[in-house]
There are 2 protein chains.
Amino acid sequence: MTRAALSPDAVVDIALRIVDEKGPDALTLSAVAARAGVATPSLYKHVRNLAELRVLVSGRVMAELTEVASEAVLGRSGDEALRALMDGWRSYAARHPHRYSALIQAPRPETAEAGNRLIGIMLAALRAYGLEGSAAIHAVRCLRAAMHGFAVLEAAGAFQLAENLDESYALLAHMVVSGLRTPREG
Amino acid sequence: MTRAALSPDAVVDIALRIVDEKGPDALTLSAVAARAGVATPSLYKHVRNLAELRVLVSGRVMAELTEVASEAVLGRSGDEALRALMDGWRSYAARHPHRYSALIQAPRPETAEAGNRLIGIMLAALRAYGLEGSAAIHAVRCLRAAMHGFAVLEAAGAFQLAENLDESYALLAHMVVSGLRTPREG
DNA sequence: CTCAGAGGCTAATATCATTAGCCTTGAGGT
DNA sequence: ACCTCAAGGCTAATGATATTAGCCTCTGAG
């Protein structure tokens with residue numbers, strides 16, 4: 001390494017700080033360069049372009065979320081594991097709303113393995129429900145939709161009323177659990 | 001009206017067409033002006049700026065969604081109403097994925113009444129479950145999170161596996177219904 | 001027939017992203 | 001001790017885009 005200086009990871013670090021402070025829309029190469037104390041074009045030595053930087057940021061967020069999720073599930077099973085996963089997920093999103101909003105949902109090869117790991121954790125959290133094959137996939141999708149939907153709306157400040165959000169989320173968790181336990185008619 | 005020409009509504013129409021065809025990120029004043037056959041600055045005679053245009057677009061989408069939702073709930077009640085609402089919601093999002101992605105969740109005064117109407121419809125769809133006060137609010141939040149989460153992920157192409165999406169969504173609906181019907185342990 | 005204003009236009013400015021091409025420095029081989 | 005070369009910075013230049021200012025021209029109301 002010819003110089004101390006920047007590196008792709010360092011650029012992503014700075015990007016994350018900007019996202020946290022001013023939201024995903026404020027993530028611009030100019031802003032990153034300014035913080036790095038470097039001219040904008042210099043960043044291209046570390047990152048292909050803005051689009052790629054966004055993907056890298058998203059990947060980092062996904063990794064953090066995976067960390068949180070995996071810790072939540074560790075040593076638990078059944079409803080407890082599921083609730084812990086859901087709580088961890090929401091709490092991460094609530095702690096870092098901008099960062100969570102920077103998550104790119106459209107599948108990208110660069111974040112494919114991180115995404116798969118995350119899905120693996122959800123599958124693990126559902127293991128106790130004895131879902132087979134496709135049933136497990138459907139369950140993961142629903143779990144993901146529920147968690148993500150709530151997280152997005154909460155991060156956007158879309159829940160305006162005074163009612164306690166923890167209670168709302170507890171109901172959401174109850175829906176997931178009872179939906180998995182209750183047999184489906186016809 | 002001094003001229004046939006443009007109008008705020010016409011501008012939004014064009015904006016919607018662009019969003020539909022190329023996604024929300026392609027919505028730019030240049031693009032709108034080009035389609036309108038007008039110089040970019042002329043648009044400022046009809047719309048305050050790009051941010052406002054986005055809000056107007058979002059308002060239009062919200063109104064359409066309200067229309068779909070209200071039609072779905074009309075003449076139905078109980079599980080049937082809830083499922084019809086959910087199906088209508090998802091089908092709108094699937095039919096117009098870009099448009100759906102252009103929905104702004106952060107509450108804005110300009111779209112407040114449209115949002116309230118939408119929430120009113122969700123409340124109506126839940127009426128048969130006999131929820132009182134706060135309980136109804138929590139239920140609406142969960143319903144909204146579930147529908148929105150699934151719609152966002154589906155629109156983004158986040159569900160990669162081959163499993164049938166209708167089935168996944170049916171499970172989600174089942175979760176909501178059974179969560180509302182099943183009593184919650186303490 | 002007049003005239004005010006709605007609605008277009010051009011010119012100008014600022015911010016970004018991105019590319020091209022140059023320069024310096026330090027790590028390693030000789 | 002040198003030499004070289006590439007990594008990593010830099011400046012200059014280009015091209016979108018948004019936005020503002022200020023001008024011009026119909027058109028419809030009086």
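Keep in mind that the numbers below use all heavy atoms, side chains included, and drop hydrogens, waters and symmetry copies.
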Using only side-chain N and O atoms of A/His46, determine if any of them is under 4.0 Å from OP1 or OP2 of D/dG9.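 So the side-chain polar atoms of A/His46 do come within 4.0 Å of the phosphate oxygens OP1 or OP2 of D/dG9, strictly under.
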Tell me whether the side-chain N/O atoms of A/Thr40 come closer than 4.0 Å to OP1 or OP2 in C/dA17.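 Negative; the distance criterion is not met.
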Whole Å only: how far is the [atom1] atom of [X] from the [atom2] atom of [N]?
X	N	atom1	atom2	result
B/Asp25	C/dC16	CG	C1'	15 Å
B/Leu50	C/dA14	CG	P	20 Å
B/Arg48	D/dA18	CZ	C1'	15 Å
B/Leu29	C/dC16	CG	P	17 Å
A/Leu53	C/dC16	CG	P	15 Å
A/Leu43	C/dA17	CG	C1'	11 Å
A/Ile18	C/dC16	CD1	C1'	14 Å
B/Asn49	C/dA14	CG	C1'	16 Å

Between B/Arg54 and B/Ser58, a side-chain donor and acceptor under 3.5 Å: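 Note: B/Arg54 and B/Ser58 side chains miss the donor-acceptor criterion.
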Assess the side chains of B/Tyr129 and B/Asp79: does a donor N or O sit below 3.5 Å from an acceptor N or O?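 Note: B/Tyr129 and B/Asp79 side chains meet the donor-acceptor criterion.
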I'd like to know whether B/Glu64 forms a salt bridge (Lys or Arg N to Asp or Glu O under 4.0 Å) with B/Arg95, so could you lay out the CA-CA distance, the side-chain angles of the two residues, the decisive distance to 0.1 Å, and finally the verdict. CA-CA 12 Å; B/Glu64 290 180 354; B/Arg95 228 175 12 253; over 6 Å; no
Side chain of [X] only, please: which of [options] is the nearest?
X	options	result
A/Lys45	C/dT18, D/dT19, D/dG9	D/dG9
A/Tyr44	D/dC10, D/dT19, C/dT18	C/dT18
B/Ser30	C/dT10, C/dA17, D/dA18	D/dA18
A/Thr28	D/dA18, C/dT18, C/dC16	C/dC16
B/Ala39	D/dT19, C/dT10, C/dT18	C/dT10

Would you call A/Leu43 and A/Leu6 a side-chain contact if the rule is heavy atoms closer than 4.5 Å?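 A side-chain contact under 4.5 Å exists here.
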When we call it a touch if two heavy atoms are under 4.0 Å apart, what does A/Ser42 touch: a base, just sugar-phosphate, or nothing?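 Touches a base.
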Within the 6.0 Å centroid threshold, strictly below: B/Phe159 and A/His138: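 Not under 6.0 Å, so no.
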